[in-house]
Amino acid sequence: MPLQIYKRGHVYWAKGWIEYNGRPIAGPYRRSTKASSEEGARDWINHETERQIRRYVVGDEPSKTFSDAIMLYNASPKAAKQLIPIVEAIGDLSLGAISGALLKNLGPKLKPKASTDTWWREIVTPAAAVINNAHELEGTPLIRVKPYDKFERIAQDKRRGKLSRVERTPADKEWIEAFCRAADPYNAALVRFMFETAARIDQAVSLEPDDLRPAEKKVRVKAQKGHPESWITVSPQMMDELLALPAKRPKNRKTGKFMKPRVFGYGSSTGYNNRWKTICKRAGIQYLSAHPAGRHGFFTELVVRQGVDPVTAAKAGRWSDPNLPMRIYAHAETDEADVRARFRTNHVQEDPVQTPKQRKSKKE
């Protein structure tokens with residue numbers, strides 16, 4: 001009989017034969033599809049059927065596995081670490097047998113307590129990059145993966161008992177000033193710099209004295225997230241604040257060696273965290289990490305509070321697409337109760353303006 005699927009535990013299996021023109025050409029099958037959803041299992045059957053028919057028609061051909069594709073991929077240290085458990089799970093599968101649904105179903109298996117956003121970022125994206133790199137180099141099958149939808153995200157949040165995509169509170173001028181009053185000069189300058197420029201924390205803490213051009217009021221921020229290195233203009237007050245900070249040489253926690261002098265004195269993008277928590281507690285304000293204090297605060301301040309058009313604000317914050325910060329970084333600040341109250345407001349109706357012809361008709 002043609003391939004059928006059935007469920008054993010949390011995984012779907014396939015059994016039966018693969019047929020071509022009414023004749024069995026492969027089988028019998030009785031094996032796991034390694035998919036935890038019926039959709040993923042059917043995708044596996046479709047890919048396996050296509051592979052076996054191609055093999056029957058044109059004969060055996062070299063078939064690269066995911067492990068073979070890894071050898072062709074120049075992975076960064078971070079990506080290499082993410083790929084290790086993926087290779088262990090699907091390394092022996094041929095690239096033609098790997099579907100988008102199969103990659104998505106690795107999430108519950110490898111990181112059952114993670115969000116769908118984490119699954120996409122740490123499993124689907126690096127795996128798809130490996131497969132598509134092999135496609136470009138060797139002509140192996142290309143893969144396209146449909147993102148997790150909101151229903152999948154909500155269902156996973158319910159299973160793990162934790163919400164993902166929690167809306168962040170952006171910093172405002174009052175928060176910044178309260179923070180700076182309680183902070184040392186280095187951390188005060190750091191938070192002001194990020195709030196003014198929308199620099200990411202890694203870009204900010206990486207600043208070295210040579211990255212400052214005082215006469216031009218420019219600061220060099222390193223390349224990040226697909227954007228090239230660039231020189232950005234800061235206010236005269238910001239430049240004066242940066243120049244007043246004696247550069248510090250932080251110690252590398254892994255090697256124990258001193259690093260090059262840095263403007264804010266931090267050696268990593270996480271070193272500020274505990275210090276900021278202490279400052280916020282001392283100031284009596286809500287703790288905000290660098291991203292909502294800087295990048296979120298920057299865009300909300302310009303667009304929502306000051307009415308700057310999103311295109312201008314996005315360009316100033318180095319976003320290539322203004323729709324992205326509008327969707328993620330612009331936080332509405334109107335109270336919901338105030339919005340509802342507007343429907344209960346009695347608007348004063350002004351007398352309609354009458355034309356001379358209407359006034360004449362009224363006298364008649």
Side-chain angles (χ1 to χ4, degrees), residues 3 5-15 18 26-27 29-52 55 60-148 152-153 155-157 159-162 164 254:
L3 278 181
I5 59 174
Y6 65 98
K7 193 172 184 181
R8 179 186 292 178
H10 298 290
V11 178
Y12 283 84
W13 287 57
K15 66 178 180 179
I18 291 177
Y29 283 82
R30 197 175 191 87
R31 58 181 292 187
S32 169
T33 66
K34 296 187 178 181
S36 57
S37 70
E38 185 175 340
E39 179 186 5
R42 294 195 183 283
D43 278 349
W44 183 91
I45 287 176
N46 290 337
H47 282 289
E48 180 67 7
T49 300
E50 291 175 4
R51 188 176 73 86
Q52 292 295 349
R55 180 186 179 193
D60 288 323
E61 58 184 9
S63 179
K64 289 192 178 295
T65 65
F66 188 80
S67 294
D68 295 329
I70 285 284
M71 303 305 294
L72 300 171
Y73 188 66
N74 184 21
S76 66
K78 181 179 179 181
K81 186 177 180 180
Q82 293 171 341
L83 286 166
I84 291 173
I86 301 174
V87 174
E88 293 174 351
I90 62 172
D92 294 335
L93 287 182
S94 68
L95 296 181
I98 299 174
S99 66
L102 187 148
L103 291 184
K104 290 172 66 175
N105 282 316
L106 286 177
K109 178 181 178 181
L110 301 180
K111 294 180 179 288
K113 296 296 184 182
S115 67
T116 55
D117 289 338
T118 300
W119 292 345
W120 183 264
R121 184 175 61 252
E122 298 184 6
I123 297 175
V124 176
T125 298
V130 168
I131 295 171
N132 288 335
N133 177 70
H135 167 75
E136 292 183 5
L137 298 177
E138 302 286 337
T140 55
L142 179 71
I143 192 168
R144 291 186 177 89
V145 188
K146 182 180 178 182
Y148 294 99
E152 292 171 307
R153 173 169 56 84
Q156 174 60 9
D157 286 349
R159 281 190 292 268
R160 69 195 191 112
K162 183 179 179 181
S164 58
K254 294 182 179 179

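As a basis for the values below, the full set of heavy atoms in this structure was taken, side chains included, without hydrogen atoms, waters or symmetry mates.
- Residues meeting the side-chain hydrogen bond (donor to acceptor under 3.5 Å, both in side chains) test with T49, sequence neighbours left out: none.
- Residues in residues 89-106 take part in these salt bridge (Lys or Arg N to Asp or Glu O under 4.0 Å) pairs, two or more places apart or across chains: K104-E152.
- The nearest pair of heavy atoms linking P147 to W120 is CA-CZ3, 3.5 Å.
- With sequence neighbours excluded, the residues forming a side-chain contact (heavy atoms from CB on, under 4.5 Å) with L93 are I90, I98, L102, listed by chain and number.
- Under a 3.5 Å cut-off, the side chain of T33 and the backbone N or O of Y12 do form a donor-acceptor pair.
- Here salt bridge (Lys or Arg N to Asp or Glu O under 4.0 Å) pairs that include residues 118-129, with residues two or more places apart or in two chains, are K111-E122.
- Residues passing the salt bridge (charged side-chain N to carboxylate O under 4.0 Å, His left out) test with R31: none are found, sequence neighbours excluded.
- Sorted by first then second residue, the side-chain hydrogen bond (donor to acceptor under 3.5 Å, both in side chains) pairs that include residues 35-45, not counting sequence neighbours, are S36-N105, S37-N105, E38-R42.
- Here the shortest heavy-atom pairing between A114 and R160 reads O-CD, 3.7 Å.
- A search for side-chain contact (heavy atoms from CB on, under 4.5 Å) contacts involving R8 returns Y6, W13, not counting sequence neighbours.
- Listed by first and then second residue, the side-chain hydrogen bond (donor to acceptor under 3.5 Å, both in side chains) pairs that reach into residues 66-82 are T65-D68, sequence neighbours excluded.
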Contacts table for residues 126-135: side-chain donor-acceptor under 3.5 angstrom, sequence neighbours left out:
unit_1	atom_1	unit_2	atom_2	d
N132	OD1	I143	N	2.9
N132	ND2	A128	O	3.4
N132	ND2	I143	O	3.2
N133	ND2	L72	O	3.1
H135	ND1	T140	O	2.6

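- Considering L106, I86, V145, T116 as possible partners of V124, the one that fulfils the side chain to side chain contact (heavy atoms under 4.5 Å, CB included) test is V145.
- Across all their heavy atoms, A80 and A75 have their closest contact at N-CB, 4.0 Å.
- The two residues P112 and Q156 make their nearest non-hydrogen contact at O-NE2, 2.9 Å.
- Between I123 and L103, the closest heavy-atom pair is CG2-O, 4.1 Å.
- A89 and L110 make their closest contact through CB-CD2, 4.4 Å (heavy atoms, listed as atom of the first residue, atom of the second, distance).
- Expressed to the nearest 0.5 Å, how far CD1 of I5 lies from CD1 of I45 amounts to 5.5 Å.
- A donor-acceptor pair is defined here as one N or O able to donate and one able to accept, closer than 3.5 Å; no such pair exists between the side chain of E50 and the backbone of A97.
- For Y148, there are no side-chain hydrogen bond (donor to acceptor under 3.5 Å, both in side chains) partners, not counting sequence neighbours.
- How far OG of S94 is from CD of E48: 7.0 Å, rounded to the nearest 0.5 Å.
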